[in-house]
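Some notes on the structure that comes next.
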Amino acid sequence: MASDVNAVYRRLPSVAEVLELDEVDGLRGLGSRELIAESARSVLALLRDRVRVGELDAEALDECLAGIAELVRQQLAERTRPQLRRVVNATGVILQTNLGRAPLSEAAIARIAEVARGYCNLEFDVEAGARSRRDVLVEDLILRVLGVTEEGGRYAAAVVNNCAAATFLALNTMAEGGEVIVSRGELVEIGGGFRIPEILSKSGAVLREVGTTNKTRVSDYAAAIGPATRLILRVHRSNFEIRGFTEQPSMEELISLGREAGVPVFDDQGTGCLVDLAEVGLPGEASWSRSVRSGAALVACSGDKLLGGPQCGILLGSAAAVQRTRANPLFRALRVDKLTYAALEATLQAYLVGREGDLPVVAMLRMPAEAVRVRCRRWVEALQSERLQAEVVETRSVVGGGTTPGASLPSFAVALRCAGLSDDALARRLRGSRPAVVGRASEGRVLLDLRTVAEADDEELIGVVRGALDAS
Ligand SMILES: *Cc1c(COP(=O)(O)O)cnc(C)c1O
């Protein structure tokens, strides 16, 4: 037996022999010499393993060797495929931070492509032929979309890398060396280790906690104001709820307290929400425009949450406060690139011209459950087979990504059950397809909520799902 195996081993070519094959040499356009050699080595190692365990006899091995160039090509493709790649989000979580949050609109994608292809006026005043600043590019547009342009130049806006950066920059600019008053109910962790007390400490400000976890009154803030106070900080509770015996002053109350005491208020609003969420059945959500209009000195929000644009952080507020953040040397370290500006501008323009429904995030929010159900039915008809049991089930989609905690939208999902596969195994199989399909494993089934799947991809994805389950 051992000598049989040895005889089969001897049929295996050397790496050098594989590399000399014309078809393998023809792969040179697809990878470097080193990568091709590495791929050939790994194909040979795999074949050797299969021979060792008795999976390949001489005849079967010869068959594999006849197609060895294709095996090398596959290994090479594996080694050169992008690490960052498309994933189908069938979780029903609209803003999934792990899956890249907001998908961009076609207009934003087109603007990115246009700006990326060549040069642009990022810091150049084309008319004057002189240097200009990148951070003024979208400022007017932001103010216009928020409806705060007519107020005698009182407002200004600046863009940085994300909302975490915006918050850090605001705290460092406004309160370094002084005290910041925060309610104990808002000393939160946003996610990814972004904790308000730690960020405050890194910004060089001293945290002055007031109130309790569930109740903080405006009088608690008032009692804490002293000569060292630089800022009142309000943090939107993006990812949790406090229910029951609770109290929290309104923004308006905080701002009027701040006015009396000469202390500015900074609102870490987070979501950047401009659409009316009550309209889609999510009442009581903080809106970005309301926060801005409340009179806070500065408001920070994300570009890639409910605004539906690229990752960035927007600081909007009084011209004087925004000016100070721009003058902070950290501003340069937190700035965004031309691609972000291109996508942000296109995103904001959609709101300006009343076409915010073109933004995928807004479209998903507004999509009626019935429309999701119709698509689920099509999937079920196409997928149903002897092995695969598919049915339409009711489910709830959530907004996610640190917005609207606890709230959900009625939706529908394709529930898949596959003979001989646990829900986890089925979910793994779907994640292993190209593109990876990410659903929710639940009670022996995998649910695919189609609210977060682009309808234009339906045909393709039905094929992908079928392929993933046939290959068993
Ligand atoms: C999401 C969020 C942040 C962090 O925003 P990023 O853009 O992810 O940096 C900060 N504050 C609040 C209130 C948030 O909701």
Assess the residue pair Arg440 and Asp449 against the criterion (salt bridge (Lys or Arg N to Asp or Glu O under 4.0 Å)); give the C-alpha distance rounded to whole Å, side-chain angles, the decisive distance to 0.1 Å, and a yes or no.
CA-CA 8 Å; Arg440 272 185 328 218; Asp449 183 338; 5.1 Å; no
Checking Thr271 against Gln269: is there a side-chain donor and acceptor pair closer than 3.5 Å?
yes
Answer yes when Arg434 and Glu78 have at least one side-chain N-carboxylate O distance shorter than 4.0 Å, and no when they do not.
yes
Which pairs with one or both residues in residues 254-266 pass side-chain hydrogen bond (donor to acceptor under 3.5 Å, both in side chains), sequence neighbours excluded?
none
Using modelled atom types only, decide if a donor and an acceptor are shared between the side chain of Ser201 and the backbone of Pro197 within a distance under 3.5 Å.
no
Would Ser291 and Asp267 count as a side chain to side chain donor-acceptor pair (under 3.5 Å) if you check the C-alpha gap in whole Å, the side-chain angles of each, and the deciding distance to 0.1 Å?
CA-CA 7 Å; Ser291 170; Asp267 184 20; 2.5 Å; yes
Taking the side chain from Arg377 and the backbone from Val374, do they hold a donor-acceptor pair closer than 3.5 Å?
no
Identify the residue among Leu359, Leu344, Val362 that makes a side chain to side chain contact (heavy atoms under 4.5 Å, CB included) with Leu307.
Leu344
Going by an N to O cut-off under 4.0 Å, is there a salt bridge joining Glu123 and Lys338?
no
Between the side chains of Arg230 and Glu179, is the shortest nitrogen-to-carboxylate-oxygen separation below 4.0 Å, so that they form an ion pair?
no
Is it true that Glu460 and Arg86 have a side-chain N and a carboxylate O under 4.0 angstrom from each other?
yes
Can you list the steps and then say if Glu370 with Arg451 is a salt bridge (Lys or Arg N to Asp or Glu O under 4.0 Å)?
CA-CA 10 Å; Glu370 189 48 37; Arg451 180 185 294 279; over 6 Å; no
For a quick check under 3.5 Å, do Asn328 and Thr325 share a side-chain donor-acceptor pair by atom type?
no
Considering all heavy atoms of both residues, which atom of Leu19 and which atom of Ala40 are nearest to each other, and what is their separation?
CD2-CB, 4.2 Å
Knowing that exactly one of Val180, Leu254, Val210 qualifies, which makes a side chain to side chain contact (heavy atoms under 4.5 Å, CB included) with Ile232?
Leu254
Strictly below 4.0 Å, N to O, side chains only: are Arg378 and Asp458 in salt-bridge contact?
yes
Please report the C-alpha distance between Glu139 and Arg326 in whole Å, then the side-chain angles of each, then the deciding distance to 0.1 Å, and finally whether the salt bridge (Lys or Arg N to Asp or Glu O under 4.0 Å) criterion is met.
CA-CA 13 Å; Glu139 183 172 27; Arg326 281 197 172 119; 3.4 Å; yes
Please indicate whether Glu70 has more than 12 foreign heavy atoms, meaning atoms of other residues, nucleotides or ligands, lying under 6.0 Å from its CD.
yes
Neighbour count >12 (heavy atoms, 6.0 Å) for atom CZ, Arg81:
yes
Exam field: side chain Arg466 to backbone Ala382, donor-acceptor pair closer than 3.5 Å:
yes
Answer yes or no: are there more than 12 heavy-atom neighbours, outside Arg290 itself, under 6.0 Å from its atom CZ?
no
Return all side-chain donor-acceptor pairs below 3.5 angstrom for residues 184-192, not counting sequence neighbours, or 'none' if the list is empty.
from	atom 1	to	atom 2	distance (Å)
Arg184	NE	Glu209	OE1	2.8
Arg184	NH1	Gly211	O	2.7
Glu186	OE1	Val235	N	2.9
Glu186	OE2	Gln248	NE2	2.9
Glu189	OE1	Arg195	NE	2.5
Glu189	OE1	Arg195	NH2	3.2

Is the count of non-hydrogen atoms from other residues, nucleotides or ligands lying under 6.0 Å from Arg117 atom CZ greater than 12?
no
Using the rule given for salt bridge (Lys or Arg N to Asp or Glu O under 4.0 Å), can you reason through Arg33 versus Asp25, listing the C-alpha separation, both sets of side-chain angles and the distance that settles it, and then say yes or no?
CA-CA 9 Å; Arg33 193 188 294 277; Asp25 195 52; 5.8 Å; no
Ring of Phe245, cation from Lys215 - is the NZ or CZ under 6.0 Å from the centre and inside 45° of the axis?
yes
